Amino acid sequence: MIKTRFAPSPTGKLHIGGVRTALFNYLFAKSNNGKFLLRIEDTDTKRSSNENINVILKGLNLLKLIPSEKEIYQSNETKKHVDIAYKLLKNGYAYKCYLSSEELKEFRNESRKKGEVIKSPYRDNLSNIKNKDFVIRLKMPLDGQTIIKDEVQGQVSVNNSILDDMVLLRKDNSPTYMLASVVDDFNMEISHIIRGDDHFNNAFRQVQIIKYMNWPIPFYAHIPLIHGQDGAKLSKRHGAENVMDYLKDGIEVEVLKNYLLRLGYSINNDEIYDLENNTLDFKLEKINKSPSRFDIKKITSLNALYLRKQPLDTILEKIKIEFNINNDILKRLEFLLPDLLQRYTFIKEVENDLLWLSSDFKGHFFQLNQDNLNLVFGALNILKSSKWSLIELKKNVDKFLAQSNLKMKDLGPVLRTVLTGKINTPDIFKVIFILGRNECIKRLTKVV
RNA sequence: GGCCCCUUCGUCUAGUGGUUUAGGACAUCGCCCUUUCACGGCGGCAACACGGGUUCGAAUCCCGUAGGGGUCACCA
């Protein structure tokens, strides 16, 4: 059974890169009739917060990236992690290191200069030192190579000499991420670890624990990071890295997911792939290896495109949920929505139109010059007498314009401004038609 | 600096040795449509990082160089 997991640490908000990782994990699991699990990596008690956990939970829910099972909290698994550390210690695959942080600092400076990895002098020191704090470190193999067959990166090998004896258990007996994550993945029977490229180097070190424990080695897929416009790893300074911000700004969930997917994964030449209603045969090997830049302009235009492609009912439902729509408005909105949608980038733009769509619309006071006043009078006459259909209205207006030796461009903008208070709306005839005779006369009369 | 990865229009990408005058999308520019704003339509600008090989033939394979990124914690 294919099992993937998304394992965020609640030390920050749910950011765009995390969402993409979650999405890939989700898609891959679903494509293979597998399970998508969620594990909260909250072992860093100082930086983790419940608030962030809730943001992650709510965010995934909102994005419809819903785990197959209840989420697991890494902090609840601590005992298992510690047990493994001691088991490794007992079997000679790990050792107690008594280096102080000052000593360690010195070692680091030196090793950095030499381009070597820190070797703790306690690695082979078997004498038991009492009454002193220690950490447990993993005994990395000193020679040979470690090979990872990564589903995205391909086969990559690294000399074991560059692998450091990473800390498994801290001085306070708490497990590090390096240990905890491996143990949890084993216990959760994760078959495929799909995570950010920034973890790639960790894989070579973590796999040693797996080998020492004789556990099955999972498939790895390290996906490239998303970069900001400047080409560097996406971070706070690039503005909204919190997904909630994009959603608040009006990006639709489906668009966000679509864009994130297509950033490094292409489906033919489709700009929008309907993830909701289609099953995608998601293949890890189709993921591009190079990082890509997040382009707010593109995702914005995708949003506009998406609105135009959506069934009207879907959009209408969303509007109804977010705004107060009475029957008056609803009738008009339903009629004009297709035209309106061609003008929107975000659904929330409807708010401006809801104003004049309402019979409560007070309008604005316009000081019209004589020419324009005459036009309004002319229009009033037509509206009072015309048969109320789009065709008849247009016919009568055309007749009036011909008689007055005028063009539509003389009349249209004037009517639009008076009737709607806006300078851009759908076809003015449609506006007039759906507002209705009384409403139009009411609004026009106000300015004469 | 060590190690690892990457490199097609400004950006996201298609392309897996000949079907390619390198295709699409966003952005940008121009034109058309036009009652406004849009939509839409048509068109322009614009890329295989560089240098060597391999081959009858290379964006596609190999090797260098350059550039970019990631990572080097008792953070995750």
Side-chain angles (χ1 to χ4, degrees), chain A residues 7-12 41-44 46-48 74 97 99 101 104-105 108 111-118 133-137 148 150 152-154 156-159 161-164 166-178 180-181 195-205 222 224-225 227 229 231-233 259 262-266 268-272 288-302 304-305 308 338-345 397 401 407-417 420 422-429 431:
Chain A
S9 69
T11 52
E41 308 221 319
D42 54 351
T43 48
D44 185 350
K46 284 185 217 90
R47 297 196 302 146
S48 298
Q74 191 157 64
C97 170
L99 247 28
S101 54
L104 215 43
K105 212 174 196 177
R108 230 192 309 279
S111 66
R112 184 92 182 227
K113 258 183 251 159
K114 284 191 256 171
E116 284 171 4
V117 127
I118 302 175
D133 290 335
F134 62 86
V135 300
I136 295 185
R137 288 181 182 275
I148 301 274
D150 193 275
V152 174
Q153 306 291 334
V156 180
S157 59
V158 130
N159 286 332
S161 59
I162 64 137
L163 268 24
D164 70 324
M166 64 190 182
V167 172
L168 266 20
L169 229 51
R170 299 189 187 97
K171 205 172 280 182
D172 64 1
N173 215 42
S174 68
T176 59
Y177 157 82
M178 283 306 210
S181 161
R195 68 205 331 184
D197 207 359
D198 49 343
H199 283 291
F200 197 36
N201 289 299
N202 290 339
F204 294 91
R205 301 194 289 160
H222 288 92
L225 270 14
H227 288 172
Q229 278 303 330
K233 190 176 170 180
Y259 177 71
R262 302 229 322 106
L263 214 53
Y265 189 97
S266 76
N268 306 323
N269 254 334
D270 293 352
E271 286 309 316
I272 291 187
N288 280 169
K289 288 168 94 169
S290 58
S292 42
R293 302 183 184 202
F294 189 86
D295 185 358
I296 190 69
K297 280 192 191 134
K298 180 122 187 189
I299 192 171
T300 303
S301 85
L302 237 38
L305 185 64
R308 272 173 250 131
D339 296 75
L340 253 15
L341 249 20
Q342 289 187 342
R343 292 161 172 77
Y344 294 164
T345 302
V397 166
L401 289 175
K407 288 270 167 23
M408 193 58 205
K409 70 169 187 253
D410 302 311
L411 178 64
V414 180
L415 288 184
R416 188 180 338 270
T417 319
T420 70
K422 290 189 72 180
I423 54 168
N424 62 318
T425 71
D427 176 13
I428 193 63
F429 288 104
V431 169

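Predicted, not measured: the structure shown is a model, and the values here were computed from it. Quick note on labels: first sequence line is chain A, next is B, and so on, each numbered from 1.
For the 3.5 Å distance criterion, the side chains of A/Asp172 and A/Ser174 qualify, holding a donor opposite an acceptor.
A residue-by-residue look at A/Ser174 and A/Lys297 shows that A/Lys297 has its nearest nucleotide of RNA chain B further toward the 5' end.
Across B/C50 and B/U8, the matching C1' atoms stand 15 Å from one another, rounded to whole Å. Comparing the C1' positions of B/C45 and B/C31 gives a spacing of 15 Å, expressed to the nearest Å. Across B/A58 and B/G40, the matching P atoms stand 41 Å from one another, rounded to whole Å. On the C1' atoms, B/A46 is 10 Å away from B/U28, given to the nearest whole Å. To the nearest whole angstrom, the two P atoms, one in B/U13 and one in B/A49, are 15 Å apart.
Pairing for B/G43 goes to B/C29, judged as Watson-Crick or G-U wobble with the two contacts each under 3.5 Å. For B/A66, the paired nucleotide is B/U7, the pair qualifying as Watson-Crick or G-U wobble because both relevant distances are below 3.5 Å. Base pairing analysis places B/G18 opposite B/C56; the two distances defining the Watson-Crick or G-U wobble pair are each below 3.5 Å.
Applying the side chain to side chain donor-acceptor pair (under 3.5 Å) test to A/His199 and every residue at least two apart in sequence or in another chain returns A/Tyr177, A/Asn202. Legend: residues meeting side chain to side chain donor-acceptor pair (under 3.5 Å) with A/Thr11, ordered by chain and number and at least two apart, are A/Ser9.
Closest approach of A/Arg205 to A/Met178, counting heavy atoms only: NH2-CE, 2.8 Å. Across all their heavy atoms, A/Leu263 and A/Ser292 have their closest contact at CG-OG, 3.3 Å.
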At a cut-off of 3.5 Å, list every protein nitrogen or oxygen paired with a nitrogen or oxygen from nucleotides 59-65 of chain B, distance to 0.1 Å.
none

Polar atom pairs between nucleotides 70-74 of chain B and protein, under 3.5 Å, N or O only, would you list them?
{"unit_1": "B/G70", "atom_1": "OP1", "unit_2": "A/Lys233", "atom_2": "N", "d": "3.3"}
{"unit_1": "B/G70", "atom_1": "N2", "unit_2": "A/Asn201", "atom_2": "ND2", "d": "3.4"}
{"unit_1": "B/U71", "atom_1": "OP1", "unit_2": "A/Lys233", "atom_2": "NZ", "d": "2.6"}
{"unit_1": "B/U71", "atom_1": "O4'", "unit_2": "A/Asn201", "atom_2": "ND2", "d": "3.3"}
{"unit_1": "B/C74", "atom_1": "O2", "unit_2": "A/Lys171", "atom_2": "N", "d": "3.0"}
{"unit_1": "B/C74", "atom_1": "N4", "unit_2": "A/Leu99", "atom_2": "O", "d": "3.2"}
{"unit_1": "B/C74", "atom_1": "N4", "unit_2": "A/Lys171", "atom_2": "NZ", "d": "3.2"}

Between the protein and nucleotides 6-10 of chain B, list every N/O to N/O distance that falls short of 3.5 Å.
{"unit_1": "B/C6", "atom_1": "OP1", "unit_2": "A/Lys289", "atom_2": "NZ", "d": "2.3"}

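Within 3.5 Å, a donor on the side chain of A/Lys298 pairs with an acceptor on the base of B/A25, or the reverse.
In this structure, A/Leu163 and A/Val117 have side chains that are not in contact, with every pair of non-hydrogen atoms separated by 4.5 Å or more.
Here the rule is side-chain contact (heavy atoms from CB on, under 4.5 Å) with A/Pro175, and of A/Leu169, A/Ile136, A/Val167, A/Leu168 only A/Leu169 fits it.
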> How does each nucleotide of nucleotides 35-44 of chain B score, in 5' to 3' order, for protein heavy atoms under 4.0 Å: base (B), sugar-phosphate only (S), or none (-)?
Replying inline: BBBBSS----

